[in-house]
Number of protein chains: 2
Amino acid sequence: MQKATYTRGQISAKTGCKLETVRYYEKAGLLPPTARSRSGYRLYAEEDARRLRFIRRCRELGFSISDIRDLLGIVDKRTYNCADIRAVTQVRIADVKGKISDLKKILKTLENMSAKCPSGTGKDCPILEALEK
Amino acid sequence: MQKATYTRGQISAKTGCKLETVRYYEKAGLLPPTARSRSGYRLYAEEDARRLRFIRRCRELGFSISDIRDLLGIVDKRTYNCADIRAVTQVRIADVKGKISDLKKILKTLENMSAKCPSGTGKDCPILEALEK
DNA sequence: CTTGACCCTGTACTTGATACAGACTTTATA
DNA sequence: TATAAAGTCTGTATCAAGTACAGGGTCAAG
């Protein structure tokens, strides 16, 4: 009984990772080199699909490729430590919080600037003045 | 009476734009090519400093280089329209709002994941399970 | 047998800088 | 005045995280 295999196009459709991105993840070391058909086509297994979905989910949550490499490295150890994964996640949470707070400041500034604009067609635009500080 | 001129290092210090970044902005078309000394050194004027500070401020507020090119294009017209500037700013505001909302969703997911983790050293990490979806 | 769809590799492009190599110029110090 | 140090010049490489070709080989259907 053979294991099911998929071509790159098939695994791409199956996981939602774009065709070229799959190759990119292989080159980036997130996906181990697959088996190849006699003519050199990559042959992906079910396990690769799971891994790709994991990577995709992590990317959606903003983990960097290098974060994901760390996470997968931890996972790939037969005996991993839950605390290690938690640590990576906590750093990510702090990062997201920081970004939200930065963006809120930026938003406030932009809205203040925009509010001063009489929405007219005149010159001496108050937005420009604010931008020149 | 000569106008004051600055070298790249001087204008960099004066505006807070890093040395190499000044050259980059020139290449990117945000800063017009400056006058040159006999030996080929760039000579910046007061006007360039104003322009660089404007660019820097825009970047701090997250405007892209191409946004800034647009803004400067509008400003450089002798007769600009305040509404045009307002339009660019409004798009930027919408963009920032979108990013904040995306990041909030991400944060919630990350925190939910992390909250399930018993912070222990066990296996079957609930964060991993959540990441595999 | 040929057409079209798929896959292969390697490379270039994107954004917004940053950094370096190797050469030249200017300034400061001895 | 000589020389060393600091500054500037150009062109190119690097980063992240892909995306998009070009120029080939391969596979299935008609």
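A note on names: the letters A, B, ... follow the listed sequences, proteins ahead of strands, and every chain is numbered from 1. Since this is a predicted model, take the numbers as computed values, not measurements. Side chains are part of it too, since the values below use all heavy atoms of this structure and drop only hydrogens, waters and symmetry mates.
Considering only side-chain N and O atoms, B:S37 lies nowhere under 4.0 angstrom from the phosphate OP1 or OP2 of C:dT25. Contact between the side-chain N/O atoms of B:K18 and the OP1/OP2 oxygens of C:dT18 is found at a separation under 4.0 Å. The side chain of B:S39 contributes no N or O atom lying less than 4.0 Å from OP1 or OP2 of D:dT8.
Rounded to whole angstrom, the span from the CD atom of A:E60 across to the P atom of D:dG18 amounts to 11 Å. The distance from atom CG of B:L61 to atom P of C:dG16 is 14 Å, rounded to the nearest whole Å. As rounded to whole Å, 15 Å separates atom C1' of C:dC7 from atom CD1 of A:I11. At whole-Å resolution of the value, CD in B:Q10 and P in D:dG7 are 10 Å apart. Rounded to whole Å, the distance from CD on A:E26 to P on C:dG10 is 11 Å. Here C:dC7 presents its P atom at 6 Å from CG of A:L19, a figure rounded to the nearest Å. Atom CZ in B:R38 sits about 19 Å away from atom P in C:dC24, given to the nearest Å. Across the protein-nucleic acid pair, A:Y41 atom OH and C:dC7 atom P stand 7 Å apart, rounded to whole Å.
Rounded to the nearest 0.5 Å, atoms CG (A:D67) and CZ (A:R59) are 9.0 Å apart. To the nearest 0.5 angstrom, B:N81 atom CG is 8.5 Å from B:I74 atom CD1.
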(message) For a quick check, with a 4.0 angstrom heavy-atom cut-off, what is the B/S/- contact string for nucleotides 10-17 of chain D, read 5' to 3'?
(response) BB-----B
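Put simply, A:I65 and A:F63 are part of the same group of oily side chains (I, L, V, M, F, W, Y) that touch within less than 4.5 Å, one to the next. Each of A:L43 and A:V22 belongs to its own hydrophobic cluster when Ile, Leu, Val, Met, Phe, Trp and Tyr are linked at side-chain heavy-atom distances under 4.5 angstrom. Using a 4.5 Å cut-off between side-chain heavy atoms of Ile, Leu, Val, Met, Phe, Trp and Tyr, with links allowed through other members, B:Y41 and B:Y44 fall into different hydrophobic clusters.
Residue A:T7 is in sugar-phosphate contact alone, with no base atom involved, counting any heavy-atom pair closer than 4.0 Å across all strands shown.
Using a 4.0 Å cut-off between a side-chain N of Lys or Arg and a carboxylate O of Asp or Glu, B:K27 and B:E20 do not qualify as a salt bridge.
The heavy-atom pair separating A:L30 from A:R51 by the smallest distance is O-NE, 2.8 Å.
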